[in-house]
> 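The structure's right below; bear with me while I get my questions together.
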Amino acid sequence: MVEELDEGFWAVQVANEATKTFGDTHVICGGWSPSGSFHIGNAREIITGYAIHHQLLLQNSKSKLTFVIDDFDSFDRIPKTLKNFKDKLRPYLGKSIHMIPDPYGEEESYAANFTKTFVDAMEDWGLDIDIKSAYEMYQDGKYDKYLKTYLEKKDEVQKIMEEIAGNQLDSFVNVVCPNCGNLRTTVLLSFENDVMEFVCESKNQFKGCGYKGTTKIKDHHWKLKWRLDWPARQNFLKVTVEPAGKDHSVAGGSIDTSLEIHRRIFNSPPPIMPRYGFITMNGKKLSGSKGTGIPAKDLRKLLNPECYFFLVFKNGLRKDVEFNYRSLDYARLVDQFVMARRYLNGYEYPGTERQLEKLKLAVRLALNDDHVSVIPPDIGIAELLLVYQSSLRNVALTIEKFRKMGKITAEDSIDELKERLMQAEYWLDNYAPTSMKFEILETPPEIAKQYWTDEIKQYWIECLHSIQPDMSPEDITLVIRSKAKEMDLPIRSIYQAFYVLLLGKPAGPNASQLILTLGKDYILSSISKIE
RNA sequence: GGGCGUGUAGCUCAGCUUGGUAGAGCAACGGACUCUUAAUCCGUCGGUCGAGGGUUCAAAUCCCUUCACGCUCACCA
């Protein structure tokens with residue numbers, strides 16, 4: 001039964017296909033251009049790759065996770081997030097990002113600065129990745145023989161482009177001007193034997209230097225056009241699986257031409273290239289410049305990265321994944337992650353078997369092998385924040401309360417709960433809907449007067465005096481109600497007065513809990529402050 | 001125009017690959033206590049599975065057609 005369900009899970013399907021095609025040694029690859037901060041939206045590529053990588057390891061295959069940093073790319077536009085450095089950066093348009101100075105002055109180059117955001121995040125996420133620099137690979141001559149092969153089989157290459165993409169390439173390379181370093185301004189005049197003749201002239205926003213000259217393959221002042229670069233590096237890195245975003249997966253796009261080049265130029269089976277969707281908020285792709293794509297290295301403040309993997313894994317590969325952390329979706333996701341982890345450890349939950357089994361596969365794959373047996377306490381985010389806030393944000397007190405409620409059992413992991421609570425607090429303060437928030441007021445609000453008649457005041461003073469610190473919340477509720485009946489006051493008006501005094505609004509979390517947490521003296525002193 | 005995805009309960013979605021009685025969470029309603037409060041528990045309500053056709057003993061699921069919505073489409077990577 002479980003075997004059958006496995007088949008339907010995309011990570012398992014891709015892993016199986018990979019094993020069938022390439023045996024049991026794999027290189028899973030990804031890539032990204034460090035032209036801006038690495039954020040949780042562009043992390044889908046590496047997360048997708050990690051799913052397949054981890055699945056292969058669980059199936060006892062050998063697998064390596066590789067990631068190419070495209071630091072040889074040209075600087076095509078100034079990102080919105082760097083508009084403060086507009087004037088400083090403008091002269092570098094069209095040049096390779098590895099040779100542009102870091103605008104922040106922290107790292108060796110523009111590319112190095114943003115590469116760091118990737119490296120730091122992956123370390124924090126606990127992913128072991130072999131990181132490659134495209135620039136270095138060009139300098140090491142890794143691409144040389146591929147350029148030569150393309151030139152030798154020029155007609156066949158152009159035939160593929162014609163057939164698949166609909167038009168031929170006007171050249172196979174972009175020359176990087178040896179004089180000014182620009183690769184958008186060079187025009188290739190001729191390419192014979194080993195020698196590229198070119199001229200560097202201004203083109204739109206890209207300023208050329210006017211240099212005219214020649215360069216040879218071994219000088220490495222050139223870069224393959226993307227459609228030729230991709231299959232080449234997949235070939236020398238021995239890539240077996242490389243996920244690609246749906247922006248690549250247009251009919252006749254770079255995926256299709258890559259696959260054909262593997263087959264017809266390299267005469268080898270092409271890597272498996274699964275296509276994945278984006279991560280969205282309200283249907284819009286997460287974006288660094290719009291602020292929705294939070295930096296990947298900061299994710300843990302908000303969410304356990306494993307929970308984020310879980311989100312991606314449980315969704316269909318090609319579907320866009322909605323991650324609206326500025327809504328209650330956050331609580332839904334974290335709660336489901338907790339549920340799945342508990343289910344993984346044998347606890348029962350309602351739902352169809354298929355659904356639960358799928359979540360189980362997703363969560364198993366998302367968790368670091370060392371974390372599989374950790375059992376999170378079964379407490380939802382809403383409840384957690386409610387008790388936390390009514391405990392004046394005291395962690396120890398919050399946990400103590402849950403313990404008294406019997407919500408923490410012996411095998412539960414308190415560390416997990418503490419970490420989750422800190423993340424939930426970060427969410428509460430930065431992203432949560434205001435309905436989730438409340439704060440105990442130090443002084444009574446203006447409107448309290450309207451609620452606090454002399455009768456109510458007298459009621460609460462008497463009521464609080466008869467409450468003892470060792471009473472249970474249920475006992476306190478009983479006192480509140482019987483006293484109200486005795487004095488013939490409507491329950492509603494009593495509670496409203498209570499909440500307005502302490503929170504500034506006429507409703508709130510369980511009053512008895514609040515009284516126990518704050519202590520009756522705190523409330524009595526608040527009452528005395530009402531004008 | 002091409003590619004991909006989505007359309008299932010009031011809301012958020014699972015289920016479709018491999019056809020076999022339509023499934024959760026939240027919301028709503030009722031109860032567990034003579035509880036008009038945002039933590040508990042139990043129960044109830046709730047769906048012509050976008051529409052039409054085909055295959056089949058049997059279709060949310062497979063095939064075709066169609067409608068609506070979303071994303072995406074640089075000699076950028």
Side-chain angles (χ1 to χ4, degrees), chain A residues 4-5 7-10 13 31-35 68 70-77 97 134 161 165-174 184 223-230 244-256 275-278 280 282-285 314-320 322 324 327-329 331-333 335-336 339 349-356 358-359 379-380 382-387 389-390 401-402 405-407 435-436 438 473-474 477-478 480-482 484-485 490-496 498-499 503 505-514:
Chain A
E4 286 177 22
L5 292 165
E7 299 283 328
F9 188 50
W10 60 262
Q13 280 175 341
W32 165 74
S33 182
S35 55
V68 177
D70 285 307
D71 52 2
F72 201 19
D73 286 1
S74 78
F75 185 52
D76 287 343
R77 70 183 81 82
I97 52 177
M161 293 302 150
N167 46 15
Q168 301 195 353
L169 294 170
D170 59 3
S171 73
F172 287 180
V173 294
N174 285 321
R184 284 269 163 267
K223 182 173 177 303
L224 285 170
K225 288 280 171 74
W226 172 242
R227 282 173 190 265
L228 300 179
D229 176 306
W230 205 5
K246 66 175 182 181
D247 47 342
H248 289 277
S249 51
V250 195
S254 52
I255 293 181
D256 291 349
R275 300 158 189 214
Y276 59 85
F278 297 137
T280 61
N282 295 320
K284 305 276 181 228
K285 194 174 164 180
K314 78 190 174 84
N315 274 286
L317 176 62
R318 288 158 97 121
K319 267 177 64 174
D320 286 348
E322 175 73 8
N324 187 352
S327 76
L328 291 172
D329 282 4
R332 264 196 283 276
L333 171 64
D335 291 351
Q336 194 183 38
M339 182 275 271
Y349 283 92
T352 58
E353 194 189 338
R354 285 203 158 191
Q355 181 177 5
L356 290 167
K358 191 179 121 181
L359 291 176
I379 300 166
E383 189 184 353
L384 192 55
L385 287 175
L386 197 67
V387 173
Q389 291 179 96
S390 61
K401 278 186 186 173
F402 282 117
M405 279 182 241
K407 297 212 116 197
S435 62
M436 297 292 298
F438 64 85
E474 289 74 22
T477 306
L478 219 59
I480 292 172
R481 293 193 180 274
S482 59
K485 195 155 190 187
I491 293 280
R492 187 182 175 79
S493 66
I494 285 165
Y495 276 117
Q496 283 188 339
F498 178 82
Y499 290 118
L503 308 174
K505 30 185 199 180
N510 187 278
S512 307
Q513 274 292 350
L514 218 48

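Here is the naming used below: chain letters follow the sequence lines, and residue numbers restart at 1 for every chain. In this text, all values refer to a predicted model and were calculated from it rather than measured experimentally.
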> Just how far, in rounded Å, is C1' of B:U17 from NZ of A:Lys319?
14 Å
> Residues two or more places apart in sequence or in another chain: which of them pass salt bridge (charged side-chain N to carboxylate O under 4.0 Å, His left out) with A:Lys225?
A:Asp170
> For atom P, what is the distance between B:U55 and B:G30, given to the nearest Å?
50 Å
> Are side-chain heavy atoms of A:Leu359 and A:Met339 found at a separation under 4.5 Å?
yes
> Please determine whether a side-chain nitrogen of the Lys or Arg among A:Arg332 and A:Asp335 lies less than 4.0 Å from a carboxylate oxygen of the Asp or Glu.
no
> Take the protein atom CG of A:Leu359 and the nucleotide atom C1' of B:U12, then report the distance between them rounded to whole Å.
14 Å
> Taking CG from A:Leu328 and P from B:A38, how many angstroms apart are they, rounded to a whole number?
16 Å
> For B:A68, what is the paired nucleotide under Watson-Crick or G-U wobble rules, both distances under 3.5 Å?
B:U6
> Considering Watson-Crick and G-U wobble pairs with both distances under 3.5 Å, what does B:G23 pair with?
B:C13
> Each nucleotide in nucleotides 26-31 of chain B should get exactly one letter: B, S or -. Can you fill that in based on protein heavy atoms under 4.0 Å?
------
> Can you tell me how far C1' in B:A28 sits from the matching atom in B:A38, rounded to whole Å?
16 Å
> Counting only distance, no hydrogens or angles, is the base of B:U17 paired donor-acceptor with the side chain of A:Gln13 under 3.5 Å?
yes
> Can you tell me the Watson-Crick or wobble partner of B:C29, both distances under 3.5 angstrom?
B:G43
> Could you write nucleotides 68-77 of chain B as a row of B, S and -, 5' to 3', where a protein heavy atom under 4.0 Å of any base atom gives B, of only sugar-phosphate atoms gives S, and otherwise -?
---BSSBBSB
> Expressed in whole Å, how much space separates the P atoms belonging to B:A27 and B:U40?
9 Å
> Quick check: does any side chain N or O of A:Lys246 sit under 3.5 Å from a backbone N or O of A:Arg318, one acting as donor and the other as acceptor?
no
> Whole Å only: how far is the CG atom of A:Asn282 from the P atom of B:C11?
17 Å
> Please measure how far the C1' atom in B:C45 lies from the corresponding atom in B:C11, and state the result in whole Å.
16 Å
> Which whole-number value in Å describes the distance from A:Asp335 CG to B:U12 P?
18 Å
> Could you give the CG-to-C1' distance, from A:Leu333 to B:G25, as a whole number of Å?
13 Å
> Which residues satisfy the ring-ring contact (aromatic ring centres under 6.0 Å, His included) test with A:Tyr276, sequence neighbours excluded?
none
> Measure the distance from NZ on A:Lys401 to P on B:U40 and round it to the nearest whole Å.
15 Å
> If you look at every heavy atom in A:Ala134 and A:Asp71, which pair is closest and at what distance?
N-OD1, 3.2 Å
> Between B:C4 and B:C49, how far apart are the P atoms? Round to whole Å, please.
26 Å
> Taking atom C1' of B:C41 as reference, at what distance in whole Å does atom NZ of A:Lys407 sit?
11 Å
> For B:C76, which nucleotide in any strand shown is its Watson-Crick or wobble partner with both distances under 3.5 Å?
none
> Decide yes or no for A:Leu503 and A:Gln389: does some side-chain heavy atom of the first lie under 4.5 Å from some side-chain heavy atom of the second?
no
> P atom, B:A51 versus B:A74: distance in rounded Å?
36 Å
> So among A:Leu384, A:Ile379, A:Val387, which one has a side chain to side chain contact (heavy atoms under 4.5 Å, CB included) with A:Lys407?
A:Ile379
> Any sub-3.5 Å donor-acceptor pair from A:Asn315's side-chain atoms to A:Asp320's backbone N or O?
no
> Of all the nucleotides listed (B:U40, B:U37, B:G15), which has the minimum atom distance to the side chain of A:Tyr499?
B:U37
> For the C1' atoms, the ones on B:C69 and on B:U37, what distance do you get once it is rounded to whole angstrom?
42 Å
> Tell me, please, which residues at least two apart from A:Asp229 pass side chain to side chain donor-acceptor pair (under 3.5 Å).
A:Tyr138, A:Tyr143
> If you measure from the C1' atom in B:C64 to the same atom in B:C29, how many Å do you get, rounded?
44 Å
> With nearest nucleotides of RNA chain B determined for A:Gly316 and A:Arg275 from heavy-atom distances, which residue corresponds to the more 5′ nucleotide?
A:Arg275
> Can you name the salt bridge (charged side-chain N to carboxylate O under 4.0 Å, His left out) partners of A:Asp76, sequence neighbours left out?
A:Arg184
